[in-house]
Amino acid sequence: MGGNAVKVANAPGSVSRYAPYVNGCNQQVTIDSTTMSRVSLKQSRKTKLRRKQQKEVIERSVEQYYGSLSSKEAHEKAEWGTFALREFLAMIAD
């Protein structure tokens, strides 16, 4: 337990967690399971949003990359992709 944190009290229906100091006060805090569910749900939503944003950045980068290729380069990449897929499927079929 590092920094400014205190151990959360173990009360009936609560979970053991660490909470930050509030205004420098060293107080035990009780967090019930409903509060923990809300916190977990909020963190889950943030994680999903962050992953969605990361996926969008990757998709835009891929679109920009392939959009910048000439038709000859794009055709060559497609041929290599077909070849690689064929080889991969042959490997897993063995």
Side-chain angles (χ1 to χ4, degrees):
M1 182 167 76
N4 295 333
V6 294
K7 191 174 189 299
V8 173
N10 286 325
S14 71
V15 281
S16 179
R17 294 284 185 255
Y18 293 95
Y21 283 135
V22 178
N23 297 326
C25 298
N26 187 6
Q27 297 180 6
Q28 285 190 326
V29 180
T30 301
I31 301 175
D32 62 25
S33 57
T34 303
T35 303
M36 288 305 299
S37 295
R38 288 182 193 141
V39 170
S40 296
L41 182 59
K42 187 175 182 179
Q43 290 172 342
S44 175
R45 287 179 183 155
K46 285 182 180 180
T47 301
K48 287 179 183 178
L49 177 61
R50 186 172 40 250
R51 287 182 182 161
K52 180 182 175 188
Q53 290 170 339
Q54 290 171 340
K55 186 178 176 183
E56 289 171 354
V57 167
I58 292 170
E59 288 174 354
R60 276 194 306 266
S61 297
V62 169
E63 287 174 6
Q64 289 173 351
Y65 171 75
Y66 283 103
S68 70
L69 296 176
S70 69
S71 61
K72 181 180 176 184
E73 290 171 320
H75 181 71
E76 186 177 309
K77 296 278 185 194
E79 286 179 355
W80 276 110
T82 302
F83 170 75
L85 184 58
R86 216 176 28 247
E87 290 297 310
F88 175 74
L89 291 175
M91 282 177 38
I92 61 172
D94 290 339

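Counting begins at 1 with the first residue of the sequence.
Checked options R60, Q53, Q54; the residue passing with V57 is R60 (criterion: side-chain contact (heavy atoms from CB on, under 4.5 Å)).
Note that CD of E56 is 10.5 Å distant from CD of E63, once rounded to the nearest 0.5 Å. The OG1 atom of T47 sits 4.5 Å away from the CZ atom of R50 when rounded to the nearest 0.5 Å.
Taking a 6.0 Å sphere around CD of E73, one finds it holds more than 12 heavy atoms contributed by other residues, nucleotides or ligands.
Screening residues 47-86 for ring-ring contact (aromatic ring centres under 6.0 Å, His included) gives W80-F83 as the qualifying pairs, with residues at least two apart or on separate chains.
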- request: Start with the C-alpha gap between E87 and M91, add the side-chain angles, then the distance that decides, and say whether side-chain contact (heavy atoms from CB on, under 4.5 Å) holds.
  value: CA-CA 6 Å; E87 290 297 310; M91 282 177 38; 5.6 Å; no

message: One pair to check against side-chain contact (heavy atoms from CB on, under 4.5 Å): V62 and E59. What are the steps and the verdict?
response: CA-CA 5 Å; V62 169; E59 288 174 354; 5.8 Å; no

